[in-house]
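Sequence lines set the chain letters: A, B, ... in the order given, protein chains first and strands last, and positions in each chain run from 1. Quick caveat: nothing in here was measured; it's all calculated off a predicted structure. The figures here come from the full heavy-atom set of this structure, side chains too, leaving out hydrogens, waters and symmetry mates.
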Amino acid sequence: MEVRDLHPWPATPEAALAIQDRLRPLLVLDEPGPAEPRTVAGLDVSYAGDGGGTGARLAAAAVVLDATTLDVLEESVVTGTAAFPYVPGLFAFRELPALVEALRGLETTPDLLACDGYGVAHPRRFGLACHLGVLTGLPTIGVAKTGFVGAYEPPGARRGDASPLTEGGEVVGRVLRTQDGVKPVFVSVGHRAGLDDACRAVLDLARDHRLPETTRRADRLSRDALTARPPAA
DNA sequence: GCGACAG
DNA sequence: ATCTTGTCGC
């Protein structure tokens, strides 16, 4: 699929912040849906060694699933290095170049992109899912495994139970229980998506497990790619 | 000032 | 994210 060229990559947190400020106005947050995506791509990155610095070896994967059957339709994986150190709030700058490369390797243009992390539930309302939405123009959502920003009440114990994730009086996402009795996941919209449809999609994708099948597939693919032959002269 | 802090 | 043993459950 096509992905817009990346802006010059920031070398400092200050430069990264400036880019988020510049791109945020391009976000489209008044669209509902996608109501019935036929294809959904899951994105994830795995690392080797070095935990949080720049230059760590990594593998980024994009896996397209049939949203109804959860069958894998297409896979794309690339290896590379971390483009930025891990800084909460600037997480996207670490993985975006590799993820974009993985997306460009897809023949398919998915109806929805499911990212590992947050969308607007972010200190400056511009998490990874938002950034990827602006770069691709596609509807994106963020699904995170742990909390980051916002307050919430624990959702009910059954699959489908949810409670709002709020910050400063506004709802920035939803804490969603995807299976009975498991820890909930944190869903937030990224670009051109509505929270209700986002949660519907996550619930459909998390039919058999706590995490969406998209995330699980991308995680496995990226991890396997890293385990395989490291270099490739 | 002191924690907390997506992956 | 990744480093790690054993252990409980389907």
Side-chain angles (χ1 to χ4, degrees), chain A residues 10 13 16-17 19-20 24 27 42-63 77-102 113-133 140-152 159 165-168 172-176 178-191 193 195 198 202 207-212 214-228 230:
Chain A
L17 286 177
I19 290 172
Q20 291 184 330
R24 191 181 319 98
L27 266 188
L43 305 169
D44 194 26
V45 175
S46 292
Y47 296 84
D50 172 47
T54 304
R57 202 164 63 85
L58 58 74
V63 180
V77 61
V78 301
T79 56
T81 54
F84 205 81
Y86 171 65
V87 179
L90 299 177
F91 171 59
F93 294 93
R94 185 169 176 72
E95 321 194 315
L96 226 33
L99 287 173
V100 164
E101 202 183 324
L113 260 37
C115 309
D116 215 44
Y118 283 95
V120 298
H122 175 277
R124 289 169 299 283
R125 303 289 182 272
F126 201 73
L128 173 66
C130 299
H131 206 141
L132 215 36
T140 62
I141 62 174
V143 183
K145 306 177 222 33
T146 62
F148 181 33
V149 296
Y152 62 93
R159 165 176 161 85
L165 180 65
T166 63
E167 180 171 85
V172 294
R174 196 171 291 165
V175 184
L176 176 67
T178 55
Q179 294 289 326
D180 292 356
V182 304
K183 282 175 40 176
V185 298
F186 300 74
V187 181
S188 55
V189 303
H191 181 62
L195 190 52
V202 170
R207 183 188 64 191
D208 306 323
H209 303 277
R210 173 190 176 230
L211 296 179
T214 37
T215 300
R216 292 167 48 82
R217 292 288 185 171
D219 177 75
R220 179 186 301 182
L221 179 58
S222 62
R223 194 163 310 197
D224 289 350
L226 212 47
T227 302

Within the pair [X] and [N], is there a side-chain N or O less than 4.0 Å away from OP1 or OP2?
X	N	result
A/K145	B/dG7	yes
A/Y47	B/dG7	no
A/T146	B/dG7	yes
A/R223	C/dT2	yes

Going by atom types only, do A/R210 and A/Q179 share a side-chain donor-acceptor pair under 3.5 Å?
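No, because no side-chain N or O of A/R210 sits under 3.5 Å from a partner of the opposite role on A/Q179.
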I'd like to know if the side chain of A/R223 and the backbone of A/A59 have a donor-acceptor N/O pair within less than 3.5 Å.
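Flag not set: sc A/R223 to bb A/A59 has no pair under 3.5 Å.
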Has A/R159 got a side-chain atom pairing as donor or acceptor with A/T178's backbone, closer than 3.5 angstrom?
yes
What is the distance, rounded to the nearest whole Å, between atom CZ of A/R216 and atom C1' of B/dG7?
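Checked: the CZ to C1' distance equals 18 Å.
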Whole angstroms only, please: what is the OH-P distance between A/Y86 and B/dA4?
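For the pair A/Y86 OH and B/dA4 P, the rounded distance is 14 Å.
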From A/H131, A/R24, A/Q20, residue fulfilling side-chain contact (heavy atoms from CB on, under 4.5 Å) relative to A/H122
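In the set A/H131, A/R24, A/Q20, the residue that makes a side-chain contact (heavy atoms from CB on, under 4.5 Å) with A/H122 is A/Q20.
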Just one of A/L90, A/L99, A/T140 clears the side-chain contact (heavy atoms from CB on, under 4.5 Å) bar with A/L128, so which one?
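Result: among A/L90, A/L99, A/T140, A/L99 is the only option passing the side-chain contact (heavy atoms from CB on, under 4.5 Å) with A/L128.
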Pairs counted only when both distances fall under 3.5 Å, Watson-Crick or G-U: show me the 5' to 3' dot-bracket for DNA chain C, [ ] for pseudoknotted crossings and | for other-strand partners.
..........
C/dT2, B/dC5, B/dG7: which one has an atom nearest the side-chain heavy atoms of A/F148?
B/dC5
